[in-house]
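Values below: all heavy atoms of this structure, side chains included; hydrogens, waters and symmetry mates excluded.
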Amino acid sequence: MTPNTRRIVGRRSLTTLVCGALAAGGLAAAGVTALEPGAASASSHREAPLISGTPQFDNTDLYAFVSPDAPDTTTIVANVIPFEEPAGGPNFYTFAEDAQYDIHIDQDGDAQGDLLFRYTFDTHVKNDKSFLYNTGPVESLDDPDLNITQTYDLQLLKLKDQKLVKRTYVADDVPVAPSNVGKASMPDYAKLRDQAVKELGGYEAKTFAGQADDPFFADLRVFDLLYGGNLSEVGNDTLKEYNVNSIALQLPNELIQESAEQPVVGIWSTTNRKGADGKFRQVSRLGNPLVNEVVNPIKDKDTFNASAPWDDAQFLKNVTEPELPKLIEAIYKIPAPDEPRNDLVDVFLKGVPDLNQPPHVRASEMLRLNTSIKPAAKPKRLGVLDGDNAGFPNGRRLTDDVIDASLQVVEGELLGAKNDLGDAVDKNDQEFEKAFPYVAQPTAGSRGPLAKGTDGTKGDVRNQLGDALTPAGTSGTGMEDTTLIAVSAVSGAAGFLLIGTGLMWWRSRRRIRGYY
């Protein structure tokens with residue numbers, strides 16, 4: 001029997017669709033292969049050898065939390081492409097076209113996905129004779145001056161025993177928020193961000209894809225043998241002003257829960273890459289933060305990225321006999337807790353009992369979120385460790401300080417070894433948004449100090465440039481008989497100076513006239 005495939009029509013809710021898929025759960029999907037990772041090997045920030053060379057496919061972080069302004073919904077944020085330099089043009093940051101970016105949801109704690117939301121992207125170029133990402137100031141996502149754009153399709157796959165039962169096309173050709181080139185190119189980036197938020201089916205479901213400030217905050221110089229052994233370098237947010245590409249999805253709790261009586265869900269993200277043979281193979285995986293960086297040894301990192309939660313027994317020793325506490329003991333003389341570390345198994349592989357541990361849970365690595373826990377009015381950065389049960393490791397909010405919380409647990413906080421260990425970076429450098437998609441706007445490529453002699457008023461740089469290139473005694477409207485050996489591109493081509501002719505074309509809104 002061929003799996004049922006159809007598109008959403010009108011204002012029909014996603015909840016209705018999934019309920020229908022659940023009702024069809026007994027249907028066999030003959031001829032459909034299991035949706036398990038392929039045999040290829042190869043999340044987080046550059047944590048595994050193979051994926052570090054292909055950043056478009058690299059999951060950097062995963063977040064899942066009950067939406068603070070819509071507590072009957074859950075928001076999931078999956079980020080890719082670590083360390084995006086804001087000024088990294090002219091080839092700015094796009095999602096890969098030969099990738100499937102997947103968000104998996106386990107509704108019953110058996111370590112197998114029941115719902116899978118799949119994002120696939122297409123890239124569109126208006127003028128391939130230009131080297132520019134945008135050929136003028138961009139005022140909307142459909143602005144003709146936005147030369148390179150992306151759109152995506154979103155599918156919902158209902159699974160049973162990792163076999164496809166039903167496929168629904170939830171949305172198609174949804175526009176992606178572009179990279180934030182700079183103030184001259186994108187004078188109102190917030191407007192572009194808002195236009196990239198799409199409601200799904202008219203109900204409490206929303207989707208977003210685009211660039212964002214990297215919400216992960218940490219002093220990553222920890223890898224210099226834990227800050228050089230004296231903590232003199234600690235406290236600098238290494239990820240400050242770097243961006244990522246974000247996928248955000250807001251879903252009704254009733255859609256993703258098994259039931260109101262069993263509200264705990266498991267969530268993880270993966271990226272599948274299309275090979276030369278046309279088949280997609282999983283190359284990146286992410287659930288809890290830091291697992292593949294500091295829990296798995298090098299020999300297991302690529303294998304983990306290609307594996308699935310139901311096979312996580314192979315990595316159990318990495319959790320029960322962790323390397324990190326021994327390293328801390330060697331450098332700082334803080335005694336490592338006794339092994340085996342079953343406390344870490346309970347917290348990170350099963351969920352906290354009576355909080356976010358589902359009944360009959362199978363130990364596996366993923367975020368676990370109790371969707372019935374209401375958002376905290378004043379979130380505490382250490383989450384559950386500080387009595388805030390709406391925070392990490394019950395899911396993960398953008399404001400949760402996962403470095404400090406994880407370090408304290410690894411050093412035995414739950415075993416009676418009270419400590420206040422951390423990296424002295426307690427919050428993100430940018431404020432998060434109050435509404436979906438919540439991630440902060442990306443740092444603009446034009447960030448940095450102002451040009452010498454400017455005060456930030458509109459037109460400063462352009463006026464100085466014009467004055468500098470206008471010979472004394474001319475009207476400034478032309479530069480006949482003047483040879484200019486200069487080419488200027490001010491944040492996405494404010495203007496061009498042509499060598500030899502001495503002609504300079506300017507136009508209102510700094511658009512290029514007569515170019516190609």
**Request:** Sequence neighbours left out, what passes side-chain hydrogen bond (donor to acceptor under 3.5 Å, both in side chains) with E323? Give chain and number order.
**Result:**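 Not a single residue meets the side-chain hydrogen bond (donor to acceptor under 3.5 Å, both in side chains) criterion with E323.
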
**Item:** D354: side-chain hydrogen bond (donor to acceptor under 3.5 Å, both in side chains) partners, not counting sequence neighbours
**Value:**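 Residues passing side-chain hydrogen bond (donor to acceptor under 3.5 Å, both in side chains) with D354: none at all.
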
Any donor and acceptor pair, going by atom type alone, linking the side chain of [X] with main-chain N or O of [Y] inside 3.5 Å?
X	Y	value
K301	N296	yes
Y169	D153	no
T54	F57	no
N419	Q408	yes
N370	L355	yes
D122	T151	no
D311	S307	no
R118	L157	no
Q257	T371	no

If we ignore angles and hydrogens, is there a donor and acceptor under 3.5 Å between the side chains of [X] and [Y]?
X	Y	value
Q100	T120	no
E85	Y93	no
Y101	T270	no
S269	N59	yes
E365	N288	yes
T94	T123	no
E84	N243	no
N245	N79	no
E241	T443	no
T207	Y119	yes

**Request:** Could you go through the salt bridge (Lys or Arg N to Asp or Glu O under 4.0 Å) check for E321 and R341 one step at a time?
**Result:** CA-CA 6 Å; E321 301 177 14; R341 296 297 304 278; over 6 Å; no

**Prompt:** Can you check salt bridge (Lys or Arg N to Asp or Glu O under 4.0 Å) on R396 and D61, steps first, answer last?
**Reply:** CA-CA 10 Å; R396 180 186 179 186; D61 280 287; 2.8 Å; yes

**Prompt:** Under the side chain to side chain donor-acceptor pair (under 3.5 Å) criterion, do S364 and D312 qualify, and how do the steps go?
**Reply:** CA-CA 6 Å; S364 52; D312 279 350; 5.2 Å; no

**Item:** Pairs involving residues 383-394, ordered by first then second residue, that meet side chain to side chain donor-acceptor pair (under 3.5 Å) (sequence neighbours left out)
**Value:**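 Matches after skipping sequence neighbours: D388-R397.
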
Within a strict 4.5 Å, meaning less than it, do heavy atoms of the [X] and [Y] side chains meet?
X	Y	result
Q195	P175	no
F432	T399	yes
V410	V294	no
K206	K198	no
N318	P297	yes
D106	D114	yes
D404	R381	yes
Q441	D213	no

**Message:** Below 30° counts as parallel, above 60° as perpendicular, anything between as tilted: where do the rings of F315 and F304 land?
**Reply:**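 Judged by the thresholds at 30° and 60°, the geometry between F315 and F304 is perpendicular.
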
**Message:** Run the side chain to side chain donor-acceptor pair (under 3.5 Å) test on Q155 and R167 for me, step by step, so that the C-alpha distance in whole Å, both residues' side-chain angles and the decisive distance to 0.1 Å come before the verdict.
**Reply:** CA-CA 7 Å; Q155 301 176 50; R167 184 194 309 268; 2.8 Å; yes

**Request:** Inspect the surroundings of OH in Y242 and state if more than 12 heavy atoms from other residues, nucleotides or ligands are less than 6.0 Å away.
**Result:**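 For Y242, atom OH is not crowded (no more than 12 foreign heavy atoms under 6.0 Å).
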
**Message:** Within the supplied structure, the quantity of interest is the number of heavy atoms (other residues, nucleotides, ligands) at a distance under 6.0 Å from E431 CD; does it exceed 12?
**Reply:**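 Open.
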
**Message:** Using the ring centroid of each side chain, check whether F92 and Y133 are separated by less than 6.0 Å.
**Reply:**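 Under 6.0 Å, so yes.
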
**Message:** Is the distance between the ring centroids of F121 and F95 under 6.0 Å?
**Reply:**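 F95 vs F121: aromatic centres under 6.0 Å.
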
**Nearest heavy-atom neighbours spanning P71 and K374** =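 For P71 and K374, the tightest heavy-atom pair comes out as O-NZ, 4.0 Å.
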
**Prompt:** Testing I403, T60, T238, N428 for side-chain contact (heavy atoms from CB on, under 4.5 Å) with F216, which one passes?
**Reply:**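 Between F216 and the candidates, side-chain contact (heavy atoms from CB on, under 4.5 Å) is satisfied uniquely by I403.
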
